[in-house]
Engineer: 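Please read through the structure below; I'll follow up with questions.
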Amino acid sequence: MDLALLRTFVTVHRAGSFTRAAALLGLSQPAVTSQIRTLERQLGRPLFLRQARGVTPTTIGDELAHKAAPHLDALVEITETGLDDESSLRTLHLAGPPEFTAERALPALTELTGEDGQGYALRASFGNAEETLEGLAAGHHDLAISTARPRGALLTASTLCDEEHVLVAAPKWADQIGSGEALKTGRSVKRAPAFENVPVIEVHESLPFVSRYWASVFDSRPAAPGTVVVPDLRAVLACAVAGAGLAVLPRYLCAAALERGDVVALHEPTVPPLRTYFLVVRTGTLAMPHIARAHEWLLRAAASWC
């Protein structure tokens, strides 16, 4: 069987589209379509179901991808790094949410970029869960950190850590709303009337962090609209410190500000809301030493993050 046909097949399987696969391979869409048809004729089975938007693999297509993809990835690894592994500097491509990747993952992985003969060249990109998992499936990344567990056999996920969320604001807001012991101990957990007139700082107009906190802790929806909306949690923290309103933030991100007194926790429920992070790879790629080493390193580091 022609390896070029298998490579095209695996790329289409990961991309979910002939058009996206053609762009990734540097081929025309008709050329990709022709190669898939040739492979289907050789196997005597359809590999994809054509749909209005993209393609869906058949059972045979999923089985072939599961068997072939790890071996093709290994061959690509050999061609990219060469045969002299000792003198080759491996490039590790990591993707994940900007704040967590910058504050947690990258500082841990930079320890692997030393000059010990086994160091990495490290490349990182930021995106939401959908973007990072799509990029991983398409072969753009080696590792992805995601708040969503992927489905299917193409990607393999390991639980990395849980992130605790904290409701915070500048001290002036705690004084103004009279944040008392009932709020601190979580005895008043069904409604949050004291917070209803406090401006909200968020990363999106839909108030994803505040809404999740309200649903989990108060069993309700936030009443105040987003007053300041910025696309980065570090900017949310900066606005909270400046007194712009309340925010829901990961504890790791605001721990130093809490310790300094720049912000205070407005509410401390008995069971705080959590969000789980997953470390995801393409199935079979942990056979590659540089990916396996980084994967294990991050899992070990995450033990101290929880």
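Model, not experiment: these values are computed from the prediction.
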Engineer: Is there a side-chain contact between F218 and H267 in this structure, where contact means two heavy atoms from C-beta onward sitting under 4.5 Å apart?
Structural biologist: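 Contact flag for F218/H267 side chains = yes.
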Engineer: Of the options L155, T156, L136, which is the one that meets P150 in a side-chain contact (heavy atoms from CB on, under 4.5 Å)?
Structural biologist: L155
Engineer: For A301 versus A108, what's the shortest heavy-atom pair and its separation?
Structural biologist: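 Closest pair (atom of A301, atom of A108, distance): CB-CB, 4.0 Å.
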Engineer: I'd like to check R149 versus T159 (side-chain heavy atoms, cut-off strictly below 4.5 Å). Are they in contact?
Structural biologist: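 Contact flag for R149/T159 side chains = yes.
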Engineer: So which atom in V210 and which in E202 form the shortest heavy-atom distance, rounded to 0.1 Å?
Structural biologist: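 So the two residues come closest at N-OE2, 2.7 Å.
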Engineer: Taking atom CZ of F126 and atom CG of L106, what is their separation to the nearest 0.5 Å?
Structural biologist: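 Here the rounded value is 5.5 Å.
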Engineer: Consider only side-chain heavy atoms of I, L, V, M, F, W and Y, link residues closer than 4.5 Å, and tell whether V12 and L3 are in one cluster.
Structural biologist: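 Same cluster.
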Engineer: Classify the ring geometry between F9 and H13 as parallel (under 30°), tilted (30 to 60°) or perpendicular (over 60°).
Structural biologist: tilted
Engineer: Identify which one of V241, V168, L237 satisfies the side-chain contact (heavy atoms from CB on, under 4.5 Å) criterion when paired with D262.
Structural biologist: V241
Engineer: So which atom in V203 and which in V229 form the shortest heavy-atom distance, rounded to 0.1 Å?
Structural biologist: C-CG1, 3.8 Å
Engineer: Can you check whether W173 reaches V263 side chain to side chain, under 4.5 Å on heavy atoms?
Structural biologist: no
Engineer: For atom CD of E259, is the number of surrounding heavy atoms from other residues, nucleotides or ligands below 6.0 Å larger than 12?
Structural biologist: no
Engineer: Nearest 0.5 Å, please: how far is CD in E134 from CZ in R20?
Structural biologist: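 Here the rounded value is 6.0 Å.
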Engineer: Dump the intermediate steps for side-chain contact (heavy atoms from CB on, under 4.5 Å) on D142 and V281, then the final yes or no.
Structural biologist: CA-CA 6 Å; D142 299 313; V281 297; over 6 Å; no
Engineer: Is it the case that over 12 heavy atoms from other parts of the model lie below 6.0 angstrom from the CZ atom of R275?
Structural biologist: yes
Engineer: Are the side chains of P97 and Y277 in touch, meaning some heavy atoms are under 4.5 Å apart?
Structural biologist: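 Of all side-chain heavy-atom pairs linking Y277 with P97, at least one is under 4.5 Å.
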Engineer: Rounded to the nearest 0.5 Å, how far apart are NE2 of H141 and OG1 of T285?
Structural biologist: 13.0 Å
Engineer: Could you tell me which non-hydrogen atom of A244 sits nearest to which non-hydrogen atom of P199, and how far apart they are?
Structural biologist: O-CB, 3.4 Å
Engineer: Thinking salt bridges, do E99 and R234 make one under a 4.0 Å N-O criterion?
Structural biologist: no
Engineer: Of all heavy-atom pairs between A4 and Q35, which one has the smallest distance, and what is that distance?
Structural biologist: O-OE1, 3.6 Å
Engineer: Is a salt bridge present between E40 and R50, judged by a nitrogen-to-oxygen distance below 4.0 Å?
Structural biologist: yes
Engineer: Distance from S125 atom OG to H140 atom NE2, nearest 0.5 Å?
Structural biologist: 9.5 Å
Engineer: State, yes or no, whether a side-chain contact exists between Y213 and L207 at a heavy-atom distance under 4.5 Å.
Structural biologist: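 No, every pair of side-chain atoms sits at 4.5 Å or beyond.
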Engineer: Checking the side chain of T132 only, and the main-chain atoms of A129 only, is there a donor and an acceptor separated by less than 3.5 Å?
Structural biologist: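 Here the side-chain-to-backbone pair exists.
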Engineer: Checking the side chain of E296 only, and the main-chain atoms of R293 only, is there a donor and an acceptor separated by less than 3.5 Å?
Structural biologist: no
Engineer: Indicate, with yes or no, if L49 and I60 share a hydrophobic cluster defined by side-chain heavy-atom contacts under 4.5 Å among Ile, Leu, Val, Met, Phe, Trp and Tyr.
Structural biologist: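 No, it is not one cluster - the side chains of I60 and L49 are not joined through contacts under 4.5 Å.
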Engineer: Look at the side chain of Q51 and the backbone N and O of T56, then say whether any donor-acceptor pair between them is shorter than 3.5 Å.
Structural biologist: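 Looks like no, no N/O pair under 3.5 Å.
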Engineer: With no hydrogens and no angle check, do the side chains of R37 and S34 hold a donor and an acceptor under 3.5 Å apart?
Structural biologist: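 Absent: no donor and acceptor within the cut-off.
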Engineer: Students often mix this up, so state it plainly: with edges at 30° and 60°, are the rings of W305 and F100 parallel, tilted or perpendicular?
Structural biologist: perpendicular
Engineer: I want to check something: taking the side chain as every heavy atom from C-beta on, are L299 and L160 in contact at a cut-off of under 4.5 Å?
Structural biologist: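 With C-beta onward as the side chain, the pair touches.
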Engineer: With heavy-atom distances below 4.5 Å as the criterion, would you say the side chains of L43 and L64 are in contact?
Structural biologist: yes
Engineer: Atom CZ in R151, atom CG in L133: separation rounded to 0.5 Å?
Structural biologist: 12.0 Å
Engineer: Can a side-chain donor-acceptor contact be found between E163 and H165 if the only test is distance below 3.5 angstrom?
Structural biologist: yes
Engineer: Give me the atom names and distance for the closest heavy-atom approach of S146 to V280.
Structural biologist: CB-CG2, 4.4 Å
Engineer: With side chains defined as the heavy atoms from C-beta onward, is the minimum distance between I145 and R104 less than 4.5 Å?
Structural biologist: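 Result no, sub-4.5 Å side-chain heavy-atom pair not found.
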Engineer: Give the intermediate values and the outcome of side-chain contact (heavy atoms from CB on, under 4.5 Å) for residues L92 and L122.
Structural biologist: CA-CA 5 Å; L92 182 78; L122 183 60; 3.9 Å; yes
Engineer: Please check if the number of heavy atoms outside H66 that lie under 6.0 Å from its NE2 is greater than 12.
Structural biologist: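 Not buried by this count: 12 neighbours or fewer within 6.0 Å.
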Engineer: What distance do L6 atom CG and H71 atom NE2 have between them, rounded to the nearest 0.5 Å?
Structural biologist: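 The CG atom of L6 sits 10.5 Å away from the NE2 atom of H71.
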Engineer: Report yes or no: is the cationic atom of R212 (NZ for Lys, CZ for Arg) closer than 6.0 Å to the six-membered ring centre of F209, at no more than 45° off its axis?
Structural biologist: yes
Engineer: Taking the side chain from T110 and the backbone from P107, do they hold a donor-acceptor pair closer than 3.5 Å?
Structural biologist: yes
